[in-house]
Number of protein chains: 2
Amino acid sequence: MKESVIRTRILEVASRLFYEQGYNSTGINQIIQEAEIARGSLYNHFPSKRDLLTAYIQNSENLWFMGLDEFLKPIEDPKQKLLAMFDYRIDRQLRSKFGGCHFNKIGAEVSGDDLDAFVLVQHQKDRLKTYIMALLGLVTPVQPAAIGKEMLLDTLFLLMEGATVAASAYKDSQPLKDARKIAEILLG
Amino acid sequence: MKESVIRTRILEVASRLFYEQGYNSTGINQIIQEAEIARGSLYNHFPSKRDLLTAYIQNSENLWFMGLDEFLKPIEDPKQKLLAMFDYRIDRQLRSKFGGCHFNKIGAEVSGDDLDAFVLVQHQKDRLKTYIMALLGLVTPVQPAAIGKEMLLDTLFLLMEGATVAASAYKDSQPLKDARKIAEILLG
DNA sequence: GTCTATAGCTGGATAGAC
DNA sequence: GTCTATCCAGCTATAGAC
């Protein structure tokens with residue numbers, strides 16, 4: 001399994017560069033240089049740059065949800081878990097200096113010409129919605145809620161998406177804090 | 001003013017390509033070819049590709065708000081105007097085959113290395129918030145609203161942002177329709 | 001499987017004729 | 001102010017030695 005050491009290093013370096021500089025602005029040359037491996041080695045593990053991209057998205061999705069699980073683990077109450085999802089995004093945006101959502105960034109960059117990447121971005125969003133829905137199902141409603149549970153799911157999802165985009169644009173966590181407050185009211 | 005004819009054609013072609021293919025994926029060669037002008041002419045009007053980018057963002061912002069004004073003109077009631085803002089985005093996304101928000105796309109692509117572009121993207125968002133706020137100020141509240149006006153502004157803004165991103169990712173107007181429904185409930 | 005060398009092309013930008 | 005010719009650095013990808 002020694003070969004996967006190199007593979008991992010390539011993927012790690014590429015992931016960082018794709019996220020920080022953008023996929024199209026990152027060249028193979030820079031990747032092999034910073035990963036300190038040879039050109040041929042990269043193409044041995046990833047037949048094309050596009051394959052590297054799909055591996056990046058899939059890996060990022062897994063890391064994202066693993067990080068979320070870890071972040072929410074100490075919290076018991078499902079409502080508090082839902083609210084902490086905003087905290088998770090704040091935490092991540094702070095760490096990445098408000099680099100924005102990995103998946104929306106890729107979606108904005110390759111929209112159209114890369115169907116694989118496109119489907120993978122959708123997959124992350126579907127998984128996020130499923131995650132929210134599962135938590136919502138555990139919430140015991142305190143009041144007959146002016147807004148139905150299905151609509152509440154949409155609202156929370158859209159608030160998260162919008163707040164992350166806005167936080168990245170302003171390089172400020174305030175939109176995510178605002179969204180959290182709104183969610184708190186809506187969850188009753 | 002004959003020179004501005006060429007300038008306009010360059011900007012129009014570049015705008016279309018930047019939006020459809022992305023800024024980094026669009027080369028000068030393609031722009032001059034499709035605009036049917038010479039290399040030197042482009043650099044005469046725009047000293048660098050980056051200048052072309054800032055012109056693109058500014059022009060797009062103006063067109064965006066002019067289009068919005070036009071779209072909302074026949075509507076009287078401020079609440080209906082607010083809801084129609086979602087219809088405007090649906091209309092635009094349908095026309096662009098769900099290409100997404102011009103400004104978020106650029107924000108995702110140049111984040112960091114182009115301060116000018118970054119500030120211009122923020123400018124569009126500020127202007128959008130001001131637009132929503134002005135309409136909200138004209139709405140006569142039917143009920144004591146569980147959610148304050150300032151928070152309502154944030155909510156509407158974040159819903160618009162999130163729904164546009166999601167609509168683009170799914171290539172479907174449903175998220176924008178969902179957001180509109182939510183807004184309708186929140187506006188009472 | 002990892003390496004170096006290089007092919008083949010396209011990027012943004014400039015110089016100088018007209 | 002519009003054009004053509006051209007520079008050089010960068011790109012993705014392949015070939016072939018070890």
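First the proteins, then the strands, lettered A, B, ... as listed; each starts at 1.
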Original post:
Is B/Y170 reachable from B/V165 through a run of hydrophobic residues whose side-chain heavy atoms are each under 4.5 Å from the next?
Top reply: no
**OP:** Going by the side chain to side chain contact (heavy atoms under 4.5 Å, CB included) test, name the single residue among A/L152, A/I147, A/I182 that passes it with A/L187.
**Re:** A/L152
Original post:
Considering only side-chain heavy atoms of A/Y43, which listed nucleotide, C/dG1, D/dT12, D/dC3, is closest?
Top reply: D/dT12
Tell me: [atom1] of [X] to [atom2] of [N], nearest whole Å?
| X | N | atom1 | atom2 | answer |
| --- | --- | --- | --- | --- |
| B/D51 | C/dG12 | CG | P | 14 Å |
| A/L42 | C/dG1 | CG | P | 15 Å |
| B/I6 | D/dT2 | CD1 | P | 4 Å |
| A/R9 | C/dG1 | CZ | P | 16 Å |
| B/F46 | C/dG12 | CZ | P | 15 Å |
| A/Q33 | C/dT4 | CD | P | 12 Å |
| B/R50 | C/dG12 | CZ | C1' | 12 Å |
| B/I32 | D/dC3 | CD1 | P | 10 Å |

Original post:
salt bridge (charged side-chain N to carboxylate O under 4.0 Å, His left out): which pairs involve residues 123-132 of chain A, sequence neighbours left out?
Top reply: A/E61-A/R127, A/K125-A/E161
**OP:** Among residues two or more places apart or on two chains, list those pairs meeting salt bridge (charged side-chain N to carboxylate O under 4.0 Å, His left out) that have a residue in residues 32-41 of chain A.
**Re:** A/R16-A/E34
**OP:** Answer yes or no: does a side-chain N or O of B/S41 lie under 4.0 Å from OP1 or OP2 of D/dC3?
**Re:** yes
**OP:** Would you tell me if any nitrogen or oxygen in the side chain of A/N44 comes within less than 4.0 Å of OP1 or OP2 on C/dT2?
**Re:** yes
Subject >> A/Y23 six-ring centre to A/K49 NZ/CZ under 6.0 Å and within 45° of normal >> reply: yes
**OP:** Kindly determine whether B/D116 and B/R50 satisfy salt bridge (charged side-chain N to carboxylate O under 4.0 Å, His left out), including the steps that lead there.
**Re:** CA-CA 9 Å; B/D116 286 350; B/R50 194 157 282 198; over 6 Å; no
Subject >> salt bridge (Lys or Arg N to Asp or Glu O under 4.0 Å) partner of A/D87, chosen from A/R180, A/K81, A/R92, A/K177 >> reply: A/R180
Name the pairs: protein N/O against N/O of nucleotides 5-11 of chain C, kept only if under 3.5 Å.
residue : atom : partner : partner atom : Å
C/dG11  : OP2  : B/N29   : ND2          : 2.4

